[in-house]
**Q** 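First the structure, which I've put down as structure tokens, then a few questions once you've had a look.
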Amino acid sequence: MSQFENVSVTKKANVYFDGKCVSHSIELADGTAKSVGVILPSTLTFTTGAPEIMELIEGECKVTLAGATEAVTYKGGESFNVPGDSSFQIEVLDTVHYVCHFG
């Protein structure tokens, strides 16, 4: 799917890590929450409340989930799961365009 239909978009962007990650929160007609954004080349650590699926639309990164000893490389067209109440480190090698699916 290349686009979402019938969504509400929060106008104000979510800006993290001094602008290295910028996203917009969206809500689908059925109440499902997602965020759509970009992460610029950097190494960042994110924490999660709810479980997340990070869908990479474009770009390349290395991800180390909490408790893992090795990073896994992901590219556009791939995704990875992050448990709730956890964290992950992401090393962005080529600007990542993503959709974060919550829950």
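Quantities reported herein were computed from a predicted structural model and do not represent experimental measurements.
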**Q** Would you kindly confirm whether F4 and I57 end up in one hydrophobic cluster when ILVMFWY residues are joined by side chain heavy atoms under 4.5 Å apart?
**A**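 As far as the 4.5 Å side-chain criterion goes, I57 and F4 are connected within one cluster.
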**Q** Any chance you could measure E58, atom CD, to D94, atom CG, to the nearest 0.5 Å?
**A** 7.5 Å
**Q** If hydrophobic clusters are built from ILVMFWY residues whose side chains come within less than 4.5 Å, do V92 and V99 share one?
**A** no
**Q** Identify every side-chain donor-acceptor pair in residues 70-88 under 3.5 Å, counting partners at least two apart or on other chains, and give the distances.
**A**
from, atom 1, to, atom 2, distance (Å)
E78, OE1, K75, N, 2.8

**Q** Are L28 and Y98 grouped together when hydrophobic residues (ILVMFWY) are joined by side-chain heavy atoms under 4.5 angstrom apart?
**A** no
**Q** Please table the atom pairs, donor to acceptor, closer than 3.5 Å between any side-chain atom in residues 29-47 and protein atoms at least two apart or in another chain.
**A**
from, atom 1, to, atom 2, distance (Å)
D30, OD1, T32, N, 2.9
D30, OD1, T32, OG1, 2.6
D30, OD2, T32, OG1, 3.2
K34, NZ, H101, ND1, 2.7
S42, OG, L40, O, 2.8

**Q** Are side-chain N/O atoms of Q89 and E91 paired as donor and acceptor at under 3.5 Å?
**A** no
**Q** Does V22 belong to the same Ile/Leu/Val/Met/Phe/Trp/Tyr cluster as V9, with side-chain heavy atoms less than 4.5 Å apart forming each link?
**A** no
**Q** Using the test side chain to side chain contact (heavy atoms under 4.5 Å, CB included), find all partners of N14 that sit at least two apart in sequence or belong to another chain.
**A** Y16, S23, S25
